[in-house]
Structure formats: C-alpha cells, structure tokens
There are 2 protein chains.
Amino acid sequence: MSQVPAGEGPGLRELKKLATREAVRAAAVRLAVRDGIENVTVERIAEAAEVSLRTFFNHFSSKEDAVFAAAESRAAELVAEFRRRPGGESPLQALREAAMVVLDRDDALGRDHLAALRLLRRAPSLLARQMVVLTEQEDALAAAAAERFGTAAAERFGTAAAERLGTDDGRFPQLWAAVVLAALRIALDRWLAESTAAPDPGRLRAEIDDALTHLAGGLDPRT
Amino acid sequence: MSQVPAGEGPGLRELKKLATREAVRAAAVRLAVRDGIENVTVERIAEAAEVSLRTFFNHFSSKEDAVFAAAESRAAELVAEFRRRPGGESPLQALREAAMVVLDRDDALGRDHLAALRLLRRAPSLLARQMVVLTEQEDALAAAAAERFGTAAAERFGTAAAERLGTDDGRFPQLWAAVVLAALRIALDRWLAESTAAPDPGRLRAEIDDALTHLAGGLDPRT
DNA sequence: ACACTCGTTGCACGACGTGCAGCCACTTTC
DNA sequence: GAAAGTGGCTGCACGTCGTGCAACGAGTGT
C-alpha cells in the first residue's frame, strides 16, 4: 500500500485519535445547537459521530466537556498571549491586545465556535461547567499578571517595590485577574446578546474596550 | 391532644417540611465535610437525615444543591441589603455596608456555614454549581445598581443624565455587578485560605475593604 | 366527622460515568 | 518484512443520578 512520506510528526494513530475527537466534538455542538443540550443524550452524540458510547467518554467526561472544549483552549490562548505582550504596555492594555490577537485567529469567530459560545449563555449545565474553567483561567492569569507587575515595578522602583506590588501574597494579581475576566465575560455576553445574526467583530472590540476603560477609570460612579 | 395555640403563622405541616429540609441540608454538609462531597452518595445523605431517597430529591435536585442552599440564600440577602442602603452612599460604599450587615447576622459565620463555604473552594462539582448562582446574583445586583445609579444621577443632574448613566442599555450596571461580585468572591476566597482554624471576622472585613478600595482606585497599576 | 391538601414514600425507568477485558490497527524493534 | 508491543476502540457490567407516577397518611378547613 501507499506509504506515509515520513511526516515524522504526530503519526497516523495520533491523527486518527484527534480526528475522532474532533468528530465527536463537532457532533456534540451541532446536536446541542439544534435541539438544546438538555434534549441531547450522549448516546445520540456518539451515534452521530459514528463512535461507540464508550469512546465518547474516552475523550470527554460529559456532553458539557465536549461542547466546551473549544472555548477552553481559547481561554488558555488568551493567557499565553497576555504573557507574550511587551512589558511596555500597561496591564489592561496588554490584556486588550491579547484579546484582540486571539479574536483575530481564523477560527475564533467561525460559525462553529460562535454557535458553541451562544450555547454557553443559555444552558445552566454549561454555565456550571464554565466556573471550573474560569477559576483555572483566573489562577493562570493571576500568575502571569504577578510576573508582569513584579518586573514592571522592579524596573521602575527596584526590587523592594516589586515584592510589595507584584507578589504581596498574590493578593492583588488574583483580584485583578478575577475582575478583568469578569469584565471580559460581560463584554462577550453583551456582544452575543446584541448580535442576533450578523457577527460583527468590530462591535466586540468596542465592547471590550468599553469594559476595560471603565475598569481603568474606577468603579464608584458617585464620586 | 394538645392544641396549637393558634400561632397563625406557618402551620404545623409547613414547619415539618422545613424541619426535614433543614435536616437533609445539615446532613449533606456534615457528610460532605467529613468524607469529601465526591465520596458521599445521595442515598447516604438521605439515610443520615432519616428520610427516603425520593424525599431528598423533593427538596434538592442534587447534593450540590443541598450544600449550596445556605450560601444561595445569603447571596440573595446581600442584594436585598444593598437595595436597602440609603442613596447618600456611593455604590461601593453601599455594597460594603451591605456585606457587613450580612456578615453580622448571627448564623452567617457559624461553624456550619463556614464549613460549607470551605467546601465550595475545593470540589469542582460545587465550583460548577456556583456559576449558576453567581449569574443570577449578578443580574439581581445589576438591576439594583441600575436603579441606584439612575436615581442618584436624577437627583443631581436630572432625568436625562439618569437615563444615560443608569440604564444605558443596562450595560454599565451589569459590568459593575460582575466586577464587584468577582472582587467579593476573591476577598472571601482569600480569607478562607488564610484562616485555617480561627475564623476572624475582622480579617474578612479588611479583605473586603482592601478589594473594594482597589476597585475604586482603578485597575491599571502601571498608569 | 368529613372531605381535602400536600409532604413523604416506593417503584420503575432512562441517562450518566467508570472499571475492566478483548480486539485489532498502528508502531517499534530486530 | 515479520514478530513483539503499544494504545485506541468497543462491549459489558455496575453503581449512581434524577424524574414521573401512584399510593399512603398526617395535617387542614368546613
């Protein structure tokens, strides 16, 4: 038979594994969008993806897991991108740019992922799953922010200030991460709510900018 | 037999219902604390509370629900208390005072509730459940905040300004609520992490004040 | 005392999620 | 290129979850 041209990379077996995983994920999203995730059984998803029930659970531990897979990896990308931003940018600036970079990925706003995102707003079971991802993302972002705060402060005021501001028992970075992610979540939510049919990336950028601007300015409007 | 002195209130049947509900809840928390919630079955909880399995599900739709019941009602109290704060206080001030009032309730920091709160930080399944409550709380707080912003602005600048700032498509209040609750969550989390044995309400107050102060001051430390 | 309401209970059933063992396509080694 | 191995797919069994339904009986209003 034909021989693999020594691609050297993942290997055929691994490719097949990823293919089935992707097939299962896509089937899960498609059925969940069509019927609502509550009305879809794992068995039907497996059937649609032409795998056994057991195989489904070999890749995902629940329907929610399957639908969430894409969003989860994007969340990780955001943090990675944030780490990559130059130190010259302020924290909120860096976060904004990181978000924009992730949004500019080809598939980020594709129909498939968009449909999955819309699902997250409705179903309680998906909302629930979100919290686990959210806290992990918070911790990762907090760690990244701590480094950024630390090095930035060190450059300007020396190591002592860095210790105070950057680490500070990890108190402030954690707060910052939680608050900032909450803002992004609301921005995304707003955008999903307003754009019924036509996905307008420009509006999403505006929403994000708006939210982050409010954060920078302080949140006690009376004063 | 003896006759009820016409208390007029809840009625005996209603009281019994609440009693079983509370017994089930307490049993759930007790067992979850002792063995970890993953290792506790609903059947064992029902057994410990001396009710049937079916009765458990008549009151709660899952273990998580039972453990969460207390925290959920406290969340609602916070919003109610926030609504009750005088208009003279700034939003963050009002929220702070509301939080303090809720904390001052006799049972708020009791051993039982405290143990339940500690559980919420660990188990993924409880973390998940948290998100549903969080979004509901966000919506409620956003609505309350919108009113507050609206009336405050109306008193000072007239109705036009109120419409802009208060409603504004509900954009800002929603953001404010999400961000503020994220901050409170982190404050509570921090406090639970640091106080291993001795529950020190003073420290919690300090954590809350610290978090809210950061919010008021803006969250872009570089600038 | 009578009829009525409604919380509790048992039963049945579909769905969920995991451990285990066999099968076989792919992979590595010689 | 054949033999030994690795690892993904599959079926099966089992315990748990959560809900609909009907019966029972304690509490309630007339």
Side-chain angles (χ1 to χ4, degrees), chain A residues 1-25 27-28 31-32 35-68 123-126 128-129 132, chain B residues 1-25 27-28 31-32 35-68 123-126 128-129 132:
Chain A
M1 304 296 261
S2 71
Q3 205 165 341
V4 182
E8 274 299 334
L12 179 52
R13 188 192 246 154
E14 185 70 11
L15 287 180
K16 278 193 175 181
K17 183 183 176 183
L18 289 184
T20 57
R21 182 185 167 90
E22 173 56 22
V24 170
R25 193 199 63 78
L31 291 182
D35 302 337
I37 196 165
E38 349 267 14
N39 305 320
V40 180
T41 66
V42 177
E43 190 171 3
R44 284 178 52 74
I45 296 175
E47 194 180 333
E50 294 180 320
V51 297
S52 78
L53 188 66
R54 196 60 188 81
T55 294
F56 176 96
F57 286 112
N58 280 347
H59 287 282
F60 306 101
S61 63
S62 65
K63 311 180 251 191
E64 290 76 20
D65 241 36
V67 175
F68 229 92
S125 68
L126 285 174
R129 179 106 193 104
V132 180
Chain B
M1 303 299 261
S2 71
Q3 207 165 337
V4 182
E8 273 299 334
L12 179 53
R13 178 153 44 188
E14 185 68 10
L15 287 180
K16 278 193 175 181
K17 183 183 176 182
L18 289 183
T20 57
R21 181 185 168 90
E22 173 56 22
V24 169
R25 193 199 61 78
L31 291 183
D35 301 337
I37 196 165
E38 355 265 9
N39 306 319
V40 180
T41 67
V42 177
E43 190 172 4
R44 283 179 52 75
I45 296 175
E47 193 180 332
E50 293 180 320
V51 296
S52 77
L53 186 65
R54 196 61 187 77
T55 294
F56 176 96
F57 285 112
N58 280 345
H59 287 281
F60 306 100
S61 63
S62 65
K63 311 180 250 192
E64 290 76 19
D65 239 36
V67 174
F68 229 91
S125 67
L126 286 173
R129 177 102 192 108
V132 180

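Throughout, protein chains are lettered first and strands after them, A, B, ... in sequence-line order, and every chain is numbered starting at 1. Model, not experiment: these values are computed from the prediction.
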For B:Asp35 and B:Arg44: C-alpha separation, side-chain torsions, deciding distance, then whether side chain to side chain contact (heavy atoms under 4.5 Å, CB included) applies. CA-CA 11 Å; B:Asp35 301 337; B:Arg44 283 179 52 75; 4.2 Å; yes
Provide, to the nearest angstrom, the distance between the CZ atom belonging to A:Phe57 and the C1' atom belonging to D:dC12. 15 Å
Is A:Phe60 close to A:Val42 at the side-chain level, that is, under 4.5 Å between some pair of heavy atoms? no
Counting only side-chain nitrogens and oxygens, does A:Thr20 get under 4.0 Å of the OP1 or OP2 atom of D:dG8? no
Value in whole Å for how far the P atom of C:dG10 lies from CZ of B:Phe56: 16 Å
When you match A:Arg54 and A:Thr41 each to their closest nucleotide on DNA chain C, which lands nearer the 5' end? A:Thr41
Please report, rounded to the nearest Å, how far the C1' atom of C:dC24 is from the CG atom of A:Leu12. 14 Å
Figure out the CD/C1' separation between A:Glu43 and C:dG17, and round it to whole Å. 14 Å
Under 4.0 Å, counting only non-hydrogen atoms across every strand here, what does A:Ser61 touch: a base, just sugar-phosphate, or nothing? sugar-phosphate
Side-chain N or O of B:Lys63 versus OP1/OP2 of D:dC17: is the shortest distance under 4.0 Å? yes
Quick one: do B:Arg25 and B:Glu22 make a salt bridge, cutoff under 4.0 Å? yes
Nearest-nucleotide check on DNA chain D, B:Lys16 vs B:Asn58; residue mapping nearer the 5' end is B:Asn58
Whole angstrom value for the distance that separates P of C:dT9 from CD of B:Glu47: 13 Å
Expressed in angstrom and rounded to an integer, what is the separation of B:Ile45 atom CD1 from D:dT16 atom C1'? 12 Å
So, taking the atom named CD in A:Glu50 and the one named OG1 in A:Thr20, what distance separates them when rounded to the nearest 0.5 Å? 12.0 Å
Considering only D:dC17, D:dG7, D:dT10, which nucleotide approaches the side chain of B:Val42 most closely? D:dC17
Distance test, side-chain N/O of A:His59 to OP1/OP2 of D:dG8, below 4.0 Å: no
Here the distance between atom P of C:dA25 and atom NZ of A:Lys17, to the nearest Å, is 19 Å
Between A:Leu53 and A:Glu14, who's closer to the 5' end of DNA chain D by nearest nucleotide? A:Glu14
Looking at side-chain heavy atoms only, is the closest gap between A:Glu43 and A:Phe56 below 4.5 Å? no
Which whole-number value in Å describes the distance from B:Phe60 CZ to D:dT19 C1'? 17 Å
If only side-chain N and O atoms of B:Ser52 are considered, is one of them under 4.0 Å from the OP1 or OP2 phosphate oxygen of C:dT8? no
